[in-house]
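Here's the structure we're looking at; comments come further down.
Residue numbers start from 1 in every chain, and the chains themselves are labelled A, B, ... in the order their sequence lines are given, proteins ahead of strands. Since we're looking at a predicted model, the values are computed, not measured.
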Amino acid sequence: MDDQTRMMTGLTGLGGLQQADVGDPDSVRKQQSLGQPQQDIGDILQQIMAITDESLDEAQARCWPEDSPAHWGGSDDPTEGGRAGGGMAGGGLPLNFQHRKHALNCHRMKPALFSVLCEIKEKTVLSIRGVQEEDPPDPQIMRLDNMLLAEGVSGPEKGGGSAAAAAAAAAAGGSPTDSSIEHSDYRAKLAQIRQIYHSELEKYEQACSEFTNHVMNLLREQSRTRPISPKEIERMVAIIHRKFSSIQMQLKQSTCEAVMILRSRFLDARRKRRNFNKQATEVLNEYFYSHLSNPYPSEEAKEELAKKCAITVSQVSNWFGNKRIRYKKNIGGYPAPCYTPDGRL
DNA sequence: ATTAATGATTATCG
DNA sequence: CGATAATCATTAAT
């Protein structure tokens with residue numbers, strides 16, 4: 001390994017640094033103070049710190065140029081909360097930045113420091129390796145995905161809004177003022193949700209790849225002054241992707257909520273209730289009062305009534321359910337209407 | 001503008 | 001699954 005050889009040479013160059021000592025930050029300074037110029041190490045560390053800070057700030061400033069996207073519903077995204085609002089990149093930063101980087105790379109103590117960092121890392125990486133991440137196929141996000149697909153939000157585009165509305169109106173047949181209007185309205189709103197969802201998703205993807213690129217560039221850059229294995233970069237990228245996918249899940253969840261609300265608003269039949277026509281209620285009432293002793297029409301009788309009234313069987317069932325309970329309430333309540341304990345009806 | 005009537009939904013029970 | 005009771009959301013009536 002390249003790192004290994006460099007580590008070794010660097011070790012000898014530093015002169016007698018024992019492995020046991022490296023873990024303790026103070027021991028490094030103590031060793032330096034005795035032998036080689038301590039000032040150099042102090043400088044070089046400071047430069048590394050400065051460069052790291054600056055490049056991080058720069059990356060963040062470029063990655064999040066504007067605020068978080070809009071969500072529906074009330075649930076705010078808790079994962080979007082605390083990002084450091086560090087110092088904005090001033091005008092002269094890049095030059096200063098390049099200059100310092102150059103100075104650092106050319107520093108004569110750099111190989112030695114690199115080797116020390118290699119060694120420290122060699123000890124700590126073992127503990128990190130123990131934290132192997134596994135990604136179980138999250139059932140939560142699977143559920144959300146399935147629902148979005150079923151609702152046609154995340155599926156393939158189904159034509160423009162007006163076209164879809166026209167198609168719906170044409171397909172509905174019958175009276176054009178009844179269900180087709182509401183249905184097209186529903187589809188329009190659904191298309192709106194869908195559009196927002198896709199644009200947000202795209203924004204997230206873009207931000208994710210942008211941020212990933214920045215981090216990778218940063219790590220590659222830093223790998224010249226401190227040891228970073230490709231595997232670690234990979235790990236970092238995986239972490240970033242996980243984070244962003246959790247944000248995406250938030251988006252999917254709020255989209256699902258919006259769709260649910262939309263459904264309950266438009267597909268709830270209570271909202272488009274029409275009274276049955278006079279003749280239908282007459283037929284139903286006739287059956288009810290002529291079978292008052294047993295007002296429970298059989299399935300067959302229900303079908304016949306449904307056909308006669310031009311309504312569905314379940315509507316007939318609803319009607320008889322309502323009629324029975326309301327008849328009982330109106331008739332049976334004379335002597336002792338059921339008062340509640342607090343004296344109200 | 002309030003209230004009554006009414007069709008539909010929901011929760012609960014057997 | 002069907003019946004009931006309570007409740008919702010809309011329409012008709014006052």
Side-chain angles (χ1 to χ4, degrees), chain A residues 72-75 139-140 143-144 146-153 161 164-165 168-194 252-345:
Chain A
W72 304 284
S75 71
Q140 182 75 10
R143 223 165 48 80
L144 293 177
N146 284 339
M147 175 180 166
L148 288 177
L149 203 60
E151 294 306 329
V153 174
S175 54
T177 60
D178 187 19
S179 66
S180 64
I181 287 293
E182 302 165 26
H183 205 247
S184 74
D185 203 357
Y186 169 77
R187 298 187 77 151
K189 291 248 169 46
L190 190 66
Q192 191 180 335
I193 289 176
R194 170 199 181 82
K252 285 175 181 174
Q253 192 173 343
S254 42
T255 304
C256 275
E257 271 172 37
V259 171
M260 292 295 246
I261 291 169
L262 187 67
R263 280 182 79 90
S264 69
R265 279 196 84 71
F266 279 83
L267 270 45
D268 187 347
R270 278 179 294 201
R271 297 193 178 267
K272 52 184 178 189
R273 181 178 72 77
R274 296 293 110 96
N275 287 353
F276 299 152
N277 61 49
K278 208 76 177 158
Q279 183 200 332
T281 59
E282 211 171 302
V283 170
L284 291 168
N285 270 316
E286 183 189 341
Y287 186 99
F288 180 81
Y289 286 113
S290 59
H291 300 72
L292 203 51
S293 57
N294 185 32
Y296 296 86
S298 67
E299 203 58 36
E300 185 140 342
K302 280 182 190 173
E303 279 175 33
E304 188 139 341
L305 286 168
K307 191 178 274 186
K308 251 197 259 190
C309 301
I311 59 179
T312 70
V313 176
S314 65
Q315 282 179 306
V316 174
S317 295
N318 286 339
W319 190 91
F320 271 89
N322 284 321
K323 189 70 181 176
R324 282 191 297 261
I325 188 88
R326 282 163 184 167
Y327 178 83
K328 199 163 68 178
K329 269 188 175 167
N330 284 342
I331 297 303
Y334 277 131
C338 46
Y339 288 103
T340 56
D342 49 336
R344 295 165 48 86
L345 255 171

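- Inter-residue side-chain proximity for His291(A) and Tyr296(A) is flagged as unmet; no heavy-atom pair is nearer than 4.5 Å.
- Look at Gln315(A) and you won't find any side-chain N or O under 4.0 angstrom from OP1 or OP2 of dG7(B).
- Residue Asn318(A) places at least one side-chain N or O closer than 4.0 Å to OP1 or OP2 of dA8(B).
- Counting only heavy atoms from C-beta on, Ala269(A) has its side chain closest to dA8(B) among dT4(C), dT11(C), dA8(B).
- The interatomic distance linking Asn277(A) (CG) with dA5(B) (P) rounds to 20 Å, in whole Å.
- Within the nucleic acid shown, Asn275(A) comes within 4.0 Å of sugar-phosphate atoms alone, with no base atom in reach, counting heavy atoms only.
- The 5' end of DNA chain C is approached more closely, in terms of each residue's nearest nucleotide, by Pro297(A) than by the other of Asn322(A) and Pro297(A).
- In this structure, the nucleotide among dA3(C), dT4(C), dT10(C) sitting nearest to the side chain of Arg274(A) is dT10(C).
- One can place CZ of Arg273(A) at 5 Å from C1' of dT10(C), the figure rounded to the nearest angstrom.
- Residue Lys329(A) has a polar side-chain atom (N or O) positioned under 4.0 Å from OP1 or OP2 of dA6(C).
- Within the 4.0 Å cut-off from OP1 or OP2 of dA6(C), not a single side-chain nitrogen or oxygen of Lys328(A) is found.
- In this structure, Arg271(A) does not reach the dA8(B) phosphate: none of its side-chain N or O atoms is under 4.0 Å from OP1 or OP2.
- Distance, Ile325(A) CD1 to dA11(B) P: 18 Å, rounded to whole Å.
- At least one side-chain heavy atom of Val313(A) sits less than 4.5 Å from a side-chain heavy atom of Glu299(A).
- With a 4.5 Å cut-off on side-chain heavy atoms, Val316(A) and Cys309(A) do not count as touching.
- Across all strands, Arg324(A) comes closer than 4.0 Å only to sugar-phosphate atoms, never to a base (heavy-atom distances).
- For the pair Asn285(A) CG and dA5(B) P, the computed distance is 14 Å after rounding to whole Å.
- Taking atom CD of residue Glu300(A) and atom P of nucleotide dG2(C), one finds them 15 Å apart after rounding to whole Å.
- Rounded to an integer number of Å, the gap from CG of Asp268(A) to C1' of dC8(C) is 8 Å.
- Inter-residue side-chain proximity for Met147(A) and Val259(A) is flagged as met; some heavy-atom pair is nearer than 4.5 Å.
- Projected onto DNA chain C by closest heavy-atom contact, Glu299(A) and Arg326(A) fall at different nucleotides, the more 5' of which corresponds to Glu299(A).
- Computed from coordinates, the Trp319(A) CH2 to dT6(B) C1' distance equals 11 Å when rounded to whole Å.
- No contact: Lys323(A) has no heavy atom under 4.0 Å from any strand.
- Whole-Å rounding puts the Phe276(A) CZ to dA5(B) P distance at 18 Å.
- Taking 4.5 Å as the limit, some side-chain heavy atom of Tyr289(A) sits within range of a side-chain heavy atom of Tyr327(A).
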